[in-house]
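What you see is a predicted model; the values in this text were computed from it and never measured. Naming: A, B, ... by sequence-line order, numbering from 1 per chain.
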Number of protein chains: 2
Amino acid sequence: MQAALKSMMSPRSIAVIGASQGVDKFGGRVVHYLQKHGYSGAIYPINLKATEIRGIRAYPSVKDIGAVPDVAVMAVPAKALLEQIEHCAEIGVKSVILITGMLDEVDSTGDNLQDRVLRTAAAAGMRLLGPNCLGLVNFVDKIAMTPSLAMETPAVKAGGVGIVSQSGALMGTMIARGTDFGVGFSRCVSVGNQSDLELSDFFEYLVDDDATNAICLYVEGLKDTRRFFEIARRAHAACKPVLAVKAGRSAAGAAIGQSHTGSLAGSYDGFVAACTASGIVVAADPYVMTLAADLLVRLPRMPANPGGIAAISSSGGSTANFADQIVDRALRLPSASAETKRKLEEWMPAEDAHIPVDTGAFRGGTSKEGIVKVLEAMLADDDVAAVVYAMTTSPRMSEYAAMVPEIAARMGKPIVFSMLAGGMGAPVCKTLRDLDYPYTENLADTFSALELLTKVARAMATPLPPMQLEGTAPQPPQDLPTGQVTESEAKRLIAAFGIRPAGEIRIRHASGMAGLSGVALPAVVKGVSRNILHKSEANIVRVGLKTEDAVREAAEDIFAILAEKDPEGAEGVVIQEMVVGEVELFLGARFDPEFGPLVAVGFGGIFVEILRDVAIATAPVTPEAAKRMIMSLKLWPLLDGARGRAPADVDAAAEAVSRLSRLADQLGERLVEIDINPLIVKKRGEGAVAVDAAAVIAK
Amino acid sequence: MQAALKSMMSPRSIAVIGASQGVDKFGGRVVHYLQKHGYSGAIYPINLKATEIRGIRAYPSVKDIGAVPDVAVMAVPAKALLEQIEHCAEIGVKSVILITGMLDEVDSTGDNLQDRVLRTAAAAGMRLLGPNCLGLVNFVDKIAMTPSLAMETPAVKAGGVGIVSQSGALMGTMIARGTDFGVGFSRCVSVGNQSDLELSDFFEYLVDDDATNAICLYVEGLKDTRRFFEIARRAHAACKPVLAVKAGRSAAGAAIGQSHTGSLAGSYDGFVAACTASGIVVAADPYVMTLAADLLVRLPRMPANPGGIAAISSSGGSTANFADQIVDRALRLPSASAETKRKLEEWMPAEDAHIPVDTGAFRGGTSKEGIVKVLEAMLADDDVAAVVYAMTTSPRMSEYAAMVPEIAARMGKPIVFSMLAGGMGAPVCKTLRDLDYPYTENLADTFSALELLTKVARAMATPLPPMQLEGTAPQPPQDLPTGQVTESEAKRLIAAFGIRPAGEIRIRHASGMAGLSGVALPAVVKGVSRNILHKSEANIVRVGLKTEDAVREAAEDIFAILAEKDPEGAEGVVIQEMVVGEVELFLGARFDPEFGPLVAVGFGGIFVEILRDVAIATAPVTPEAAKRMIMSLKLWPLLDGARGRAPADVDAAAEAVSRLSRLADQLGERLVEIDINPLIVKKRGEGAVAVDAAAVIAK
C-alpha cells in the first residue's frame, strides 16, 4: 500500500486525460498547474483532437503514449470515463486520480458507473483517488495534480503542514489562505468520495512522511473508524500533532436538543471522544486549524504545563482590549512572577509593569532594547506559555517585527505575531514571510489558534489512555434480559459491575404487602413495569414516605394503577430507601456504531438539558480519567465543596463512571444504552448510590 | 459648542506647530498627510529654523503668520508646549489639537503643565483636543489632522462610519483595517486625555452629523456619564446605530470572580446595562465593531424580528462548516418555509434543497440564474434575517460576486459576502470594492458582525425604557437605618416597596419564648445580629423545625450562641415560616457611582457564582423589562416548567425585580447595596417570597 501511495504522490510521469488548452476546464488547469509549479517529470496530455497542449505533445489515448505513466489524472465527463479507465487498465497505469464527479447520476439504470470503474480498476490492480475530488498536491516535490484554483497563487511553498480533506474546495481554501500567510505545505490530498483509497490511507502516509510535521484533517465520515484511530495513536507516539475539523456538529447539536436526558449525544461527540482518546485535537474552523498547524511547525512548541498567554503591544488600547478579550476564551493571562515584574520595572514605572505590556509606557519611549528585554523577561517566566505581539499602526513596525524570530527561537517558546493594522502592516508581514516566520491578522484567529496550541501541548504531553483497563472486568449476568429492561434489572446489571444501587425491597403482588415491616424510613415506593417508561407521569412514584402506613398506602395505590394501566407488563412495586446526598449526577453509556462504547457523565436532571454540561469519553476509562471528566464539567465546583458545601465523594463518583464504562466495554454492541439518573453522590468518604437506572439491551 | 467643534472639524486654515521636513516625526507627518489626502485650505508649518517645509512657507511662530489659523495642531515636545499655547492664545486661535503627550512628566514640581495649558486656553476661549491624542480626520472634507500611520494608505474613502476613540492607536488600526475592506469613514477623532473636549462632545457632533450613519466608540472612562447616555438616547431617536467597545471588562471579570454572591459586578456591567437602556450595542473587538458599522451603513438593514442567518456556498464542505459554526453563536439557521423549499427544489434535488445551500448541488451545475433565484428565495423568506455568501476557491467568483449588490438592494435585506479564499479572492474583493459593497474575509468575523447587526436591529426596533416609571413610587421608611442593617430591617425596607418577605415572629429576649404558640410549621429560626454577617457559619440558623418544641429548643440554643458571640449587637431571634417554592432567585441592587442605580437578577445560591448567570439593568425597570431580564438567563427554562416542572410565578418574580429597582432608584446614592437571596418563586399564581435580605445603607 505505501508503495502504491508513494508512486501516486511522487510520479515520474503523469497522463492528464481530458487535457485542454484553456484553463476554464479541469483538464486544462491540471496541465497548467503541473507546468506552472515546476513539475519535472513527463506530462502526457490526452485529448481526442489536439496534437499539442500548452506546448506539450498530446495523444488521443493513453494507449498511444508508448510509455506507461505512473499516474493518470482523469478529467473527462462521466460518460467518457469508463473507456478511459479501461485504457489505463490495459496499459498498466498504477494510479488514477478521478477528478470527475457525478458518477451516480449518469448511469442510473441498472449497473452503477462507479461500481464498474471500481471493478475495472481492481481487476487491473489500479488504485483510485476520488471520484469527485480535487486531486493532490505534493508541495515538497513540486507536483500539483489538481485543478484547484488555489494553484493560481504565484508560488506555493513547501513546508511541514500536511492536509487530507474530504472537501476539495475547503482544501483549496486552506491552501490559498495559508499561502497568503507564508504557510508551507508538505502534501495536500482531496479524497472526494473515497471509492477506493480513503482518508486514512493518506493520513497514515502523512504520519510516516518525514516532510510532514503537523497534520490537518477535514472529515465528513470515516470508512474504518478503528483504523483511523490506530493511525492517530501512531501519530501521537511519533509526537506529530494531528488536528481535525469534523462536519456534522450542528446536526449533533440538534440531536442533543431533541433527545431526552437519557440519550447520549450523536456521533459528533463520539468522534470528539475518540479523538481525545487517541491524541487528535478537534478544531471548529478549517482556516484556524491550518493556522494552528503552521504555528506548531514554524514556532517552538508551547510548554505542556498550562501557562498563561502574555502580550506586548504598542498601544494601551490594544493592551486593554487583549486582556478583555482573553476572558472569553479557554485561555488566561499569566500571573507575572516577582522576578518578571522586577525585570519589567527596569523599563517602565512600577504601576505600568504588568502583563500585557504597553511599550508606550516605556520610560523614554519605545526602544528596541526594551522590547527585547521585555520579551525575554516574559518568555522566561514559568507561567508564560506564549507571548502575543499585538502590533497596531506604529512607527518602526518592521524593525521590531524582525527581531521576533530570533528571540522566540532562543527562548524556546512561541511568540505569535499579530498584525492588527491590515494593509498598513503589509511591509511588516512581508518582512516576516521573508524570515519564514508566521503571523496572524486579528485577535479572534490568534486566540482560536492559541486555544488549539494549548490543547495540542496537553495532548502531546499526556499518555494516551489504555485501550483496555488492567485487571479482569466483571462479567454481565448470564441471564441478561433484552429490550427495555426494568429498573430492577438495570440495577442488577450495574451492581454486577460494582456500582451500588439504592437498597430496595421488591413486592410482586399486592398481597405481599401484608407481611411488610422494618422498612428504612423515609422511603420511596415505585411501580415496576416493562411498558411504562415515564414513571412520574404515570403517577407510580411516591417519595418521602415517613411511616410504614404511608408506604403501605402508597404501594396499594400503585398496585391499583398498575393493574389498570399495564396489567400484562406490571411486575409489582419496589420500596426503596430515600437516599440523601450532596449532588445528583447523570451517568450514561451507549454503543456507538462508529466509535464503539461511549460513557458520559453530567449533572443530573435538568442541568443535562439546559446547560448541556456533559463529558463524554470512549469506554473504558480508568477512575483517574473519569475523575478528569467530572472535573471538566462547568458545575464541578458543586462537587468540590463550593460556598461552604460539604465536599462530595468525587472518587466514588469517578469509580462509578469507570465501572459503567467497563460495563459498556464488556457488553459492546449488545448495549443500546444505559442511564443512571441520578447517581447520588454523598459526602466525601460516604460513597455514591444509583437511585434509578434504565437500560435498553439489544436482542 | 457645536460651532467650536465645527470650526475644529472643518478648519479653513491649519497651523502645524512643530512641523518638520521628515515624516519620522509627528509634525512632519501631519503636514504630509494634510497634503497627501487633499486638504484644500491654508497650511502654516511652524518651525523655529526652517523657512519652507514640504514646499510650503514655514514660520518661526504662529505670531509671524499674519493670519489667524482656525486650528493649531501642536506636535512640539512638552517642554516647548506652553510657550506655543501662549502664542496661539495671543493671536486668537480657536482650536488646538494637542498631539503632545507626557504633560505630567515634564513639570513634576509644583504646578502641573497640563493645568497651566488649560488655564491659558480657557482664558483665551480656546478649545483643546488632547493632549496625548492622534488628532482627527475629517474624511468627508479631506482633512487629515493626524500623525497616525493609518494615513499611509494610498487613498482614504469618505463614507458613513464615524469613530470617537480614547486610543489613538486603536483608531488608526480601525481606519487602516477598514480602509483595506473599502470602508468609508465620515469623521474619526482620537480624544486622548480629554483635558478639555471629551468623547461625548464628538459623540454628540456625530449624532447631529448628516455625513455619519453609524457611530463607533472606543471608551476607557467617561467624564460625564449622564450626558453620554442622553446623547445615546438622541442617537436612538434619530435611528442612528451606536456601537461601543469599553475597556475594563476583564477587570470586571476578575471582580466578579472575587466578590461573593451578594455584590453586583463591577462597572463594566454597569456600562453595558446603561448602554442597553439607551440603545447602544456593546462590542468586544474594535475591528469587528468597525466591520458591523460598515455593514449597517452600506447594506440594507436587517429586519427587527429575529430571523435566522441563511448561507450559500460553492462548496459542500463550507456549507457544513457554516452550519456547524453558527451553533456556537447567538445566531441560528432559518427554518425554510415550504414555499422557500419549493423554490429551492426548482434548482436542486429535494434532498439537497435546504439552507445553507450548496451551489454544487444544482442540477446541471452552478449557474448565475440559479444563484440569483436561490438568493431571492432565501431573502424573501420571513424567517431569513440575512444571507451569507461564503465563497471558497471556485470558478467565476468575481462574476457571481458582482451580482450580489443589486440583489441585496432589491430584496432589502443584507447579503454578507464572505471571501474565504484569501489572496486567491483578491480580484473578487476588488470587484466588490469597486461596487462600493462590503465583504468579510473569514467566518469568525462574519458571525461576530452578524451578532452585532442582530443586536442593533433589536435595539433600533425597541422603544427605550422610560427614565422614570409611571405612578408614584413608594417611599423608603422615615427611620431608614444605616450601615449594615439587620435582616429584619432589610425586610421591612423591601416590604415598604411591596416585595413580600417571609412571615416572621421576632423574639427579643430568651424570656419571650415562654409565651410562644401558634407557630406555622415547619419553621426556621435565625439569630438577629448587626455584627454577624454569615449566619450559617455562626451556627445561628436552624431550618426544617417540625414541632414547637423543636423551635423552642433551637431558639434557646441560638440565644446562647448570640450571648457568647455578639452580646452587644444581638437583637434576638426570628421564627420564620419555611417557604416552599419552585425556584430560588437572587435579586440585588446597588448604586454605581458612574452609572447610577443598578438592579440584578439571577438564579440563587451557587449558580450566581459558578455560572455567572445574572442579568443587570439600570434602575428603574418596568415589570415587563424585568421579565425580559429573567427570560435572558441561561437557566430560564427552570422557571418555565421545563421537564414536567410546574411553571413558576415569573410575573411575581418580575414584579419583585421591578419593585427592587424602584427602591434602588428612590434611595439613589444612599443605597450601597441590597440583596434578596433567595427570593423563593412559587407556582404560577402563588407569588414570590423574599426569605432572606441584607442591605448596606450609606450613613
Side-chain angles (χ1 to χ4, degrees), chain A residues 24 148-150 152-153 165-167 169-170 172-173 176-177 179-180 218 220 245 247-250 253 284-287 314-318 320-321 323-328 392-395 420-424 442-445 448 536-537 605-606 609-611 634-635 637-638 642-644, chain B residues 24 148-150 152-153 165-167 169-170 172-173 176-177 179-180 218 220 245 247-250 253 284-287 314-318 320-321 323-328 392-395 420-424 442-445 448 536-537 605-606 609-611 634-635 637-638 642-644:
Chain A
D24 55 330
S148 170
L149 291 163
E152 287 296 323
T153 182
S165 173
Q166 280 181 257
S167 160
L170 273 189
T173 299
R177 196 115 155 82
T179 299
D180 293 350
Y218 171 71
E220 296 195 337
V245 169
R249 184 160 56 115
S250 57
D285 184 272
Y287 163 64
S314 48
S315 136
S318 300
N321 194 246
D324 283 349
Q325 289 207 50
I326 206 167
V327 300
D328 300 330
T392 52
T393 46
S394 72
L420 302 180
M424 199 55 34
N442 64 61
L443 284 186
D445 289 342
S448 297
S536 296
E537 286 168 27
I606 199 140
E609 280 184 20
I610 300 180
L611 301 176
K634 287 189 209 105
L635 292 176
L638 283 181
R643 206 163 164 70
Chain B
D24 55 329
S148 170
L149 290 164
E152 286 296 323
T153 185
S165 173
Q166 279 181 259
S167 160
L170 272 189
T173 299
R177 196 115 156 83
T179 299
D180 293 348
Y218 172 71
E220 295 195 338
V245 170
R249 184 159 56 116
S250 57
D285 184 89
Y287 163 63
S314 49
S315 138
S318 301
N321 194 245
D324 283 348
Q325 289 206 49
I326 207 168
V327 301
D328 301 329
T392 53
T393 45
S394 73
L420 303 179
M424 197 57 32
N442 64 60
L443 283 186
D445 288 343
S448 298
S536 296
E537 286 168 28
I606 200 139
E609 279 184 21
I610 300 181
L611 301 176
K634 288 190 209 106
L635 291 175
L638 283 181
R643 210 167 161 67

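For the set B/Ser448, B/Ala444, B/Gly423, the entry with the most heavy-atom pairs within less than 4.5 Å of chain A is B/Gly423. Among the candidates B/Gly172, B/Ala176, B/Ser167, the residue making the largest number of heavy-atom pairs closer than 4.5 Å to chain A is B/Ala176. Ranked by non-hydrogen atom pairs under 4.5 Å with chain A, the options B/Ile326, B/Asp445, B/Asp328, B/Leu443 are led by B/Asp328.
A heavy-atom distance below 4.5 Å is not found between the side chains of A/Pro395 and B/Asp24.
Between B/Leu170 atom CG and A/Ser318 atom OG the span is 4.0 Å, to the nearest 0.5 Å. Rounded to the nearest 0.5 Å, atoms CG (B/Asp285) and CD (A/Gln325) are 4.0 Å apart. One finds the CZ atom of A/Arg177 at 5.5 Å from the CG atom of B/Asn442 (value rounded to the nearest 0.5 Å).
Here the closest non-hydrogen pair linking A/Thr393 and B/Ala169 is OG1-O, 3.7 Å. When all heavy atoms of A/Ala284 and B/Asn321 are compared, the closest pair comes out as O-ND2, 3.1 Å. Across every non-hydrogen atom of A/Ala320 and B/Tyr218, the tightest pair is CB-OH, 4.0 Å.
Scanning for side chain to side chain donor-acceptor pair (under 3.5 Å) contacts around A/Glu152 gives A/Tyr33, with sequence neighbours left out.
Using a 4.5 Å cut-off between heavy atoms, A/Tyr287 does not touch chain B at all.
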